[in-house]
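Report on the following structure.
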Amino acid sequence: MNRFSYTRADDIASALNAHNAPAAAFLAGGTNLVDLIKEGVARPDRLVDIRRLPMKAIEAADNGGMRIGALATNSAVAYDERIQSRYPLLSKALLAGASAQIRNVATVGGNMLQRTRCHYFYDTATPCNKREPGAGCGAMNGVNRIHAILGASEHCIAVHPSDMCVALAALDASVLVTSDSGDRTIAFDEFHRLPGDTPQKDTNLRDDEMILAVDLPAEGFADHHAYVKVRDRASYAFALVAVALGLKLDGDRIDDVRCALGGVAHKPWRNRDAEAALRGKTLTRAAVRDFASAMVSDARGRPCNAFKIELTTRAIVRAFEHASGNKLAASEDDPT
Ligand code: SF4
């Protein structure tokens, strides 16, 4: 572990000012950052503790949606009665992640900025382009069972580990950030990046920016939603595949659909063309299977993870079953 200084910020301006150093890092819950420091993966020379900043509120927003402060804990959001009633998809995704102890301290902003759990990224004895650009990728021809099937590059096949972010992507949330040059809003879909030839960059957040809040739109898909997480054990495990689904149904007609995938790409994965093609169709197992196939049409499996492609399509069908109250199983083209 390298030596670092520690500063506790009392307001946003002083936090931004203290963070203005080449290797400074914001410290909130610390549930990922402290591990990264202990493993020698993160080497900040200055930690800026932002836990005292007034960014914990969960409140109604003018657009009819809700604003969640970046320092609200995962537990506070998951158990907030307004979130549970209006955005149950988000609450369920949060409760599918980590453990109760971690959720009690991990923050919304930190959840968004957590880094991949690729084993090679954490093992400093192996090459990793994300940890050390240009070093190579140990996972490419290694044990890549947990790695990406969509959106990967020749430089990195890591996946984004968050559950919360998969739900936020499906909900079309947005991210409010600030810097010395003012505030700006980033669409959630644009917040995380694909690896391309810069896998060291997980997000489009600039070095001088800090996350203030996440904004939820008014539509929360409370009536028809599902979060399906497939993992190796029932709790405290990252997703092999996750599906966040929101539906608007008019009888058996699909008026709207939002679907985001986790565990399969470097960011929560949306396919808006596939969603558009499903809108207006009758909810049948055949239509959902076609949609699931379209969601993974660009997938590429590797020796250890090709199983994820079929697993993803089945998880998507399962999500539609949950979200529709099992209408799928009763549809005409599938009498079982
Ligand atoms: Fe590093 Fe990405 Fe390769 Fe993992 S997949 S070893 S994070 S470059």
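Numbering of ligands and ligand atoms starts at 1, following listing order.
In summary, Asp163 and Lys92 do not engage in a salt bridge, as defined by a charged side-chain N under 4.0 Å from a carboxylate O. A salt bridge is absent between Asp207 and Lys201: the closest approach of a Lys/Arg side-chain nitrogen to an acidic carboxylate oxygen does not fall below 4.0 angstrom. A salt bridge does not link Arg258 to Glu275: none of the charged side-chain nitrogens sits closer than 4.0 Å to a carboxylate oxygen.
Residue-environment remark: CZ (Arg279) exceeds the threshold of 12 foreign heavy atoms within 6.0 Å.
Sorted by chain and number, the protein atoms of type N, O or S within less than 2.8 Å of atom 3 (Fe) of ligand 1 are Cys137 SG.
Applying the side-chain hydrogen bond (donor to acceptor under 3.5 Å, both in side chains) test to every pair with at least one member in residues 232-249, sequence neighbours left out, gives these pairs: Arg145-Asp232, Glu219-Lys248.
Remark: the Asn204 side chain and the Arg193 side chain contain an N/O donor-acceptor pair separated by less than 3.5 Å.
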